[in-house]
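No hydrogens, no waters, no symmetry mates; every other heavy atom, side chains included, goes into these values.
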Amino acid sequence: MSKILLLSSGLKHAQEFTAPLLKRLEVYLSTQSHCVDVRNILTFDERTFFEYDQVVFIFMTAMDSIPSSTLEIFQKLENQEKPKTQIYTLIACDEYETEKCDLAERIVQKWCDKEHLEYMGSLKVGSILFIMKKPSKFVVSNYIKKFSELIIKKEKSALKISTLTEKRFLKTANRYWDKQIKKTKKAKNNE
């Protein structure tokens with residue numbers, strides 16, 4: 001049975017958006033594996049990395065790239081002797097296009113190649129800021145379940161989900177900005 005580490009490696013302020021994904025993944029993996037450990041960037045000791053067969057990095061992109069906190073972990077682990085560990089990523093972005101996660105995934109994949117780790121793929125989640133506040137989060141749960149099954153089976157993953165279309169994303173964003181403009185105009189009129 002594999003030992004699995006779920007590592008919330010995103011920036012501290014962004015972890016609130018990825019926390020529901022992490023918790024759901026932990027639930028699904030815990031039903032199929034007896035050893036699932038959850039750590040975040042603050043409680044992670046790089047020496048524990050070597051105790052796991054599989055590691056899942058969970059983060060929200062920062063400027064379409066990996067966050068600096070994940071990069072710090074990579075730097076701490078560089079050039080250290082590592083067992084053949086399988087690496088997965090669960091990457092979230094605030095844009096509706098999951099392609100905004102591609103650069104972050106390529107960086108993780110390149111690091112794995114350099115460090116002789118086996119990159120197994122990802123689950124990319126678009127529109128994270130909207131999804132976690134809507135009923136569509138249940139659709140994301142189904143993808144997280146599929147992702148957990150691939151991890152347990154030690155299979156490659158290339159999953160992606162964004163429940164908002166471009167049209168819906170723009171409509172929701174415009175509604176938000178219209179409210180902000182009305183608030184600003186109201187505040188100016190009251191001065």
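A side-chain contact (heavy atoms from CB on, under 4.5 Å) with Cys101 is found for exactly one of Ile91, Thr89, Leu90, Val125, namely Ile91.
Neither side chain, Tyr119 nor Gln86, offers a donor N or O lying under 3.5 Å from an acceptor on the other. For the 3.5 Å distance criterion, the side chains of Thr98 and Ser162 fail to qualify, holding no donor opposite an acceptor.
At a threshold of 4.5 Å between non-hydrogen side-chain atoms, the residues Ile4 and Asp53 do not count as touching. You'll find the side chain of Trp111 stays beyond 4.5 Å of the side chain of Ile107, heavy atoms only. Put simply, the side chain of Lys182 does not reach to within 4.5 Å of the side chain of Lys186, judged on heavy atoms. In this structure the side chain of Arg106 reaches within 4.5 angstrom of the side chain of Leu103, judged on heavy atoms. Considering only heavy atoms from C-beta on, Val38 stays 4.5 Å or farther from Lys23 through its side chain. Gln54 is listed as a side-chain neighbour of Ile151, based on a closest heavy-atom distance under 4.5 Å.
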Audit row: Ser33, Ile152, side chain to side chain contact (heavy atoms under 4.5 Å, CB included) steps and yes/no | CA-CA 7 Å; Ser33 175; Ile152 293 296; 3.8 Å; yes
Test side chain to side chain contact (heavy atoms under 4.5 Å, CB included) on Asp94 and Lys100 and set out the steps.
-> CA-CA 9 Å; Asp94 55 350; Lys100 294 291 185 175; over 6 Å; no
Might you work through the side chain to side chain contact (heavy atoms under 4.5 Å, CB included) test for Leu150 and Leu159, ending with a clear yes or no?
-> CA-CA 10 Å; Leu150 292 172; Leu159 299 172; 4.0 Å; yes
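Of the possible donor and acceptor atoms, none in the side chain of Glu26 sits under 3.5 Å from a partner among the backbone N and O of Val36. Using modelled atom types, no side-chain atom of Ser8 and backbone atom of Ala19 make a donor-acceptor pair closer than 3.5 Å. A donor-acceptor pair under 3.5 Å is absent between the side-chain atoms of Thr70 and the main chain of Ile66, judged by distance alone. A distance-only check finds a donor-acceptor pair linking the side chain of Ser157 to the backbone of Ser122 [under 3.5 Å].
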Please table the atom pairs, donor to acceptor, closer than 3.5 Å between any side-chain atom in residues 56-65 and protein atoms at least two apart or in another chain.
none

Exercise answer: donor-acceptor pairs, residues 40-50 side-chain atoms, under 3.5 Å, sequence neighbours excluded:
{"from": "Asn40", "atom 1": "OD1", "to": "Leu42", "atom 2": "N", "distance (Å)": "2.7"}
{"from": "Asn40", "atom 1": "OD1", "to": "Thr43", "atom 2": "N", "distance (Å)": "3.1"}
{"from": "Thr43", "atom 1": "OG1", "to": "Asn40", "atom 2": "N", "distance (Å)": "3.2"}
{"from": "Thr43", "atom 1": "OG1", "to": "Asn40", "atom 2": "O", "distance (Å)": "3.4"}
{"from": "Asp45", "atom 1": "OD1", "to": "Arg47", "atom 2": "N", "distance (Å)": "3.2"}
{"from": "Asp45", "atom 1": "OD1", "to": "Arg47", "atom 2": "NE", "distance (Å)": "3.1"}
{"from": "Asp45", "atom 1": "OD2", "to": "Arg47", "atom 2": "NE", "distance (Å)": "3.1"}
{"from": "Asp45", "atom 1": "OD2", "to": "Arg47", "atom 2": "NH2", "distance (Å)": "2.6"}
{"from": "Thr48", "atom 1": "OG1", "to": "Asp45", "atom 2": "O", "distance (Å)": "2.6"}

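Following chains of ILVMFWY side-chain contacts shorter than 4.5 Å, one can reach Phe17 starting from Val140, so the two form part of one hydrophobic cluster. A continuous path of hydrophobic side-chain contacts links Leu29 to Leu21 [ILVMFWY only; heavy atoms under 4.5 Å]. Under the 4.5 Å side-chain heavy-atom criterion for grouping Ile, Leu, Val, Met, Phe, Trp and Tyr, Met120 is not connected to Leu7 through any hydrophobic cluster. A single hydrophobic cluster is not seen to contain both Tyr88 and Ile73; linkage of ILVMFWY side chains at heavy-atom distances under 4.5 Å, directly or through other members, places them apart.
Summarising the geometry, atom CD1 belonging to Ile161 is positioned 9.5 Å from atom OG belonging to Ser127; distances are rounded to the nearest 0.5 Å. Between Lys145 atom NZ and Gln32 atom CD the span is 8.0 Å, to the nearest 0.5 Å. Considering CG of Leu11 and CD of Glu16, their distance stands at 12.0 Å, rounded to 0.5 Å. Between the OG1 atom of Thr85 and the CD atom of Glu118 there is a distance of 9.5 Å, given to the nearest 0.5 Å. Expressed to the nearest 0.5 Å, how far CG of Leu22 lies from CD1 of Ile144 amounts to 9.5 Å. In this structure, CZ on Phe147 lies 15.0 Å from CG on Asn142, to the nearest 0.5 angstrom.
Listed by chain and number, the residues in a salt bridge (Lys or Arg N to Asp or Glu O under 4.0 Å) with Arg39 are Asp37 (sequence neighbours excluded).
With Tyr143 as the aromatic partner, Lys146 meets the cation-pi criteria of under 6.0 angstrom to the ring centre and within 45 degrees of the ring axis.
Nearest heavy atoms, His116 versus Lys84: O-NZ, 3.7 Å. Residue Ser9 comes nearest to Ser69 through the heavy atom pair O-OG, 2.6 Å, listed as atom of the first residue, atom of the second, then distance. Annotation for Gln15 and Gly10: closest pair NE2-O, 3.0 Å, computed over non-hydrogen atoms. Heavy-atom minimum distance, Tyr28 versus Ser148: CB-OG, 3.3 Å.
Here Lys124 does not pair with Glu99 in a salt bridge; the nearest charged N to carboxylate O distance is not below 4.0 Å.
Around atom NZ of Lys156, more than 12 heavy atoms belonging to other residues, nucleotides or ligands sit under 6.0 Å away.
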